[in-house]
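Okay, so here's the structure we're looking at.
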Amino acid sequence: ELNIYCEIFRFSKIPSELNNYSSVILSGSPFSVLDKNSPKPNLSFILNNFPVLAVCYGAQLIAEHFGGLVAASNIREYGRANLTYIDQADLLFSSIATGSQVWMSHSDTIKKLPNNASLLASTDDVENAAYKINDKKIYALQFHPEVTHTKQGQIMLKRFVIDQSLIHI
């Protein structure tokens with residue numbers, strides 16, 4: 001939809017040569033990061049060398065990687081939610097309206113952000129709905145910006161993919 005060339009790789013088949021890529025999006029997954037058999041690729045090279053947008057499972061994986069706390073939710077959250085807090089000083093969320101609808105689909109939640117992270121958005125039920133790692137170009141969303149139910153998701157994706165040079169660490 002944004003007319004950007006992209007390639008999709010399995011977590012187990014990340015190419016060794018990534019020089020032709022400008023950024024990475026880590027997708028959601030039906031797995032739980034709490035499951036010992038869940039996919040946990042070595043992301044060190046990617047996290048240290050590329051802007052990253054981590055979605056749902058990806059956001060939980062990033063939180064865990066940087067020392068945050070992921071725990072099972074009391075109930076599986078599936079469906080529409082509204083952003084009740086937004087850090088509009090951050091470029092990714094600068095024109096996103098408070099109350100904007102997002103789509104949640106997870107059974108785990110990020111209970112505590114890593115020490116080097118800043119909160120970007122919350123809903124009534126999910127305090128850590130979006131955050132960034134302060135000293136890197138890493139953004140993490142507990143919700144799914146890629147679906148039509150996230151009303152301003154395409155704006156967020158465009159900001160990350162096209163306007164990422166404006167996103168400062």
Side-chain angles (χ1 to χ4, degrees), residues 1-2 4 6 8 10-11 23-41 43 47 51-114 116-134 136-161 163-164 167:
E1 292 175 8
L2 295 173
I4 299 294
C6 64
I8 299 172
R10 290 180 48 81
F11 75 93
S23 60
V24 173
I25 296 177
L26 301 175
S27 71
S29 168
F31 287 96
S32 165
V33 297
L34 304 174
D35 182 351
K36 66 179 182 160
N37 295 320
S38 65
K40 294 195 179 162
L43 298 173
L47 298 177
V52 173
L53 179 65
V55 176
C56 197
Y57 177 88
Q60 295 167 4
L61 191 64
I62 295 299
E64 188 178 73
H65 177 87
F66 285 101
L69 177 64
V70 177
S73 301
N74 293 336
I75 57 168
R76 177 171 167 72
E77 186 169 28
Y78 182 78
R80 294 170 179 86
N82 296 93
L83 297 175
T84 54
Y85 165 77
I86 297 172
D87 179 354
Q88 293 181 325
D90 188 88
L91 178 66
L92 197 68
F93 285 90
S94 65
S95 63
I96 305 302
T98 301
S100 184
Q101 179 180 291
V102 296
W103 186 261
M104 298 284 192
S105 179
H106 57 267
S107 56
D108 295 333
T109 193
I110 301 162
K111 292 285 189 186
K112 180 182 174 290
L113 293 178
N116 60 336
S118 294
L119 180 66
L120 297 177
S122 302
T123 69
D124 282 339
D125 296 325
V126 179
E127 179 182 1
N128 299 311
Y131 66 95
K132 69 178 178 180
I133 302 298
N134 294 323
K136 299 186 179 294
K137 288 186 178 184
I138 299 175
Y139 284 82
L141 310 176
Q142 181 64 73
F143 56 88
H144 291 268
E146 74 278 12
V147 300
T148 58
H149 299 304
T150 297
K151 297 298 184 188
Q152 295 183 296
Q154 191 172 47
I155 294 169
M156 293 174 221
L157 291 171
K158 178 186 178 294
R159 287 267 167 79
F160 178 75
V161 175
D163 302 333
Q164 68 179 277
I167 297 173

Self-check item: Any T109 side-chain heavy atom under 4.5 Å of D125 side chain
Solution: no
Quiz item: How close do A129 and M104 get, heavy atom to heavy atom, and via which atoms?
Solution: CB-CE, 4.1 Å
Quiz prompt | pair S29-F11: side-chain heavy atoms closer than 4.5 Å | solution = no
Self-check item: Summary of salt bridge (charged side-chain N to carboxylate O under 4.0 Å, His left out) pairs that have at least one residue in residues 64-74, sequence neighbours excluded
Solution: K40-E64
Quiz prompt | Separation between CG of L83 and OG of S122, rounded to the nearest 0.5 Å | solution = 8.5 Å
Exercise. Decide yes or no for V24 and L43: does some side-chain heavy atom of the first lie under 4.5 Å from some side-chain heavy atom of the second?
Key: no
Exercise. For residues I110 and Q142, determine if any side-chain heavy atom of one lies less than 4.5 Å from a side-chain heavy atom of the other.
Key: yes
Exercise. Identify the heavy atoms of L47 and K136 that sit nearest to each other, and give their distance.
Key: O-CD, 3.6 Å
Practice problem: Quick one: pull up CG in L141 and SG in C56 and give me the separation to the nearest 0.5 Å. | Solution: 10.0 Å
Practice problem: Identify the heavy atoms of A54 and I62 that sit nearest to each other, and give their distance. | Solution: CB-CG1, 3.6 Å
Quiz item: Checking T150 side chain against V102 main chain: does a donor-acceptor pair fall under 3.5 Å?
Solution: no
Quiz item: Can you name the nearest heavy-atom pair linking G58 to L26, along with the distance?
Solution: CA-CB, 4.1 Å
Quiz item: Are the side chain of S23 and the backbone of P51 linked by a donor-acceptor contact shorter than 3.5 Å?
Solution: no
Self-check item: Closest approach of V70 to V33 (non-hydrogen atoms, all atoms of both residues)
Solution: CG1-CG2, 3.5 Å
Quiz item: CD1 of I25 to CZ of F160: how many Å apart, nearest 0.5 Å?
Solution: 6.0 Å
Quiz item: Heavy atoms, side chains only, cut-off 4.5 Å: are Y139 and R159 in contact?
Solution: no
Self-check item: Check: K111 main-chain N/O paired with E127 side-chain donor or acceptor under 3.5 Å
Solution: no
Quiz item: Given side chains that start at C-beta, do those of S118 and D87 come closer than 4.5 Å, heavy atoms only?
Solution: no
Quiz item: Mind checking whether V126 and F143 have side chains closer than 4.5 Å, heavy atoms only?
Solution: no
Exercise. Answer whether the closest heavy-atom distance between the side chains of L157 and L53 falls below 4.5 Å.
Key: yes
Quiz item: Ignoring hydrogens and geometry, is there a side-chain-to-backbone donor-acceptor pair from N134 to N116 under 3.5 Å?
Solution: yes
Practice problem: Determine yes or no for a side-chain-to-main-chain donor-acceptor pair under 3.5 angstrom, with Y131 supplying the side chain and A63 the backbone. | Solution: yes
